[in-house]
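Comments concern the structure below.
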Number of protein chains: 2
Amino acid sequence: MRITSSIEYATRLMTTLAREHGKAPVPSERLAESDNIPADYVSQILVKLRRAGLVDSHRGSTGGYSLSRPPSEVTLGQVVRAVDGDVFEDVCGKYDGGTKDCRHQSGCTISPVWRRLSGLITQYFESVTLAGLLAETPGECGAAPEWLEKLSGR
Amino acid sequence: MRITSSIEYATRLMTTLAREHGKAPVPSERLAESDNIPADYVSQILVKLRRAGLVDSHRGSTGGYSLSRPPSEVTLGQVVRAVDGDVFEDVCGKYDGGTKDCRHQSGCTISPVWRRLSGLITQYFESVTLAGLLAETPGECGAAPEWLEKLSGR
DNA sequence: CCAATTCTTGACCAAAAAGGTCAGGAATGC
DNA sequence: GCATTCCTGACCTTTTTGGTCAAGAATTGG
């Protein structure tokens, strides 16, 4: 399991756009540059974000992209779904070995576990907004996950 | 993001072995059959589980595989790590566009989010044991995730 | 000791997904 | 009308997934 480049890139883009919210639209080329993403790839990701209704696009010389809503109203979940579809979409029914019935062995005691995991992830994604991302304390790339300790009870 | 076949298969195998714990070793061919997994693929997965110390193998005519520990002492996290490595191993430092410094844009406010997610998933995996999997109420493949509501506070 | 059984190892392969590129066209603002 | 920017969709390469295969090395029952 991993974070794909699309997810990472889309998150960077949305974060940058959030910072520019209320100002002029940002052309994709500038986004590519500032977020360190291949220029031609950026457009592709922005298209998905636009189709999901998360950003607006404007053509012409003063054109570019802008958030369609305030940063506080956009969740990470929406961003992830826009570029990657639903999380753990089709666990059940895959890997059924050709037989088309659910073959999670052992009377399907496994699938509830995947479903909970999926719910857990979805819920976390939903709890993070772009506004929250901006307010995040940067910290270097090795900081400990503080609140995690709380959650785990340790 | 998705559950790979290796993870799903490994979980099925371990669940089946947990059910047979204390009895005779189960040959891989029988595991393949009962868990609906390609026979040649099963061996490959079992090798990883053995190298991780989760199962024991015995050759010869009465040979096969068996759990190396009681089901209550094996977590889903151990199984997943055995076949798939660490969850979200290297988010930071990837997608840096060639520049070898961490380029999570915007002062790296993004990486803590991935790290928390990784921790959340790891923690969930750690909380599920094989014994727990066996005790799971099967339910059909669409049951609601009950305890999730508790966690979310809703 | 022999033969059947089972695991072991590592190479190999095909299909899919990920990651990225490109070219031609259509709006838009100046 | 011309530069700028987005739009569309095809295309490509690399990596990962998912799976196969063959030769060999233990082990056990007979």
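Below, chains carry the letters A, B, ... as their sequence lines are ordered, and counting in each starts from 1. Remember, predicted model here, so these are calculated numbers, not experimental data.
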Atom-pair distance (CD1 on Ile37(A); C1' on dG20(C)), nearest Å
12 Å
Any side-chain heavy-atom pair from Tyr65(B) and Ser57(B) closer than 4.5 angstrom?
yes
Which is true for Arg51(B) with a 4.0 Å heavy-atom rule: it touches a base, it touches only sugar-phosphate, or it touches nothing?
sugar-phosphate
Are any of Tyr9(B)'s side-chain N or O atoms less than 4.0 Å away from OP1 or OP2 of dG18(D)?
no
Rounding to a whole Å, what distance do you find between Lys48(B):NZ and dG18(D):P?
10 Å
Using the side chain to side chain contact (heavy atoms under 4.5 Å, CB included) rule, take Ile37(B) and Arg12(B) through it: C-alpha gap first, then chi angles, then the decisive distance, then the call.
CA-CA 9 Å; Ile37(B) 308 175; Arg12(B) 281 186 210 173; 4.3 Å; yes
Charged N to carboxylate O below 4.0 Å: is that the case for Arg2(B) and Glu8(B)?
no
Send over the distance from Arg12(B) CZ to dG18(D) P, rounded to a whole Å.
12 Å
Can you check whether Thr4(B) has a side-chain N or O nearer than 4.0 Å to OP1 or OP2 of dT17(D)?
no
Leu67(A) and side chain to side chain contact (heavy atoms under 4.5 Å, CB included): which partner among Leu17(A), Val26(A), Leu54(A)?
Leu17(A)
Pair Thr16(B), Asp35(B): side-chain N/O donor-acceptor within cut-off below 3.5 Å:
yes
How many whole angstroms separate atom CD1 of Ile3(A) from atom P of dA18(C)?
12 Å
Check whether any side-chain nitrogen or oxygen of Tyr65(B) sits under 4.0 Å from OP1 or OP2 of dT8(C), and answer yes or no.
yes
How long is the span from the CD atom in Gln78(A) to the CE atom in Met14(A), to the nearest 0.5 Å?
8.0 Å
Check the phosphate of dC7(C) against Ser57(B), side-chain N and O only, distance under 4.0 Å to OP1 or OP2. Yes or no?
no
Between Arg50(B) and Pro38(A), who's closer to the 5' end of DNA chain C by nearest nucleotide?
Arg50(B)
Between dT17(D) (C1') and Ile7(B) (CD1): distance, integer Å
12 Å
Across the strands shown, which category fits Ser43(B) at heavy-atom distances under 4.0 angstrom: base, sugar-phosphate, nothing?
nothing
Take atom CD1 of Ile45(B) and atom P of dT17(D), then tell me their distance rounded to the nearest Å.
13 Å
From CD of Glu8(B) across to P of dG18(D) the rounded distance in Å is 11 Å
Summarise how protein sits on nucleotides 22-30 of chain D as a single string, 5' to 3': B when a protein heavy atom is under 4.0 Å from the base, S for sugar-phosphate-only contact, - for no contact.
---BSBBS-
With the side chain of Gln44(B) defined as its heavy atoms from C-beta on, choose the nearest nucleotide among dT8(D), dG19(D), dA18(C).
dG19(D)
Measure from CZ on Arg2(A) to P on dT15(D) and round the result to the nearest Å.
12 Å
If I take atom OH from residue Tyr124(A) and atom CD1 from residue Ile121(B), how far apart are they, to the nearest 0.5 angstrom?
10.0 Å
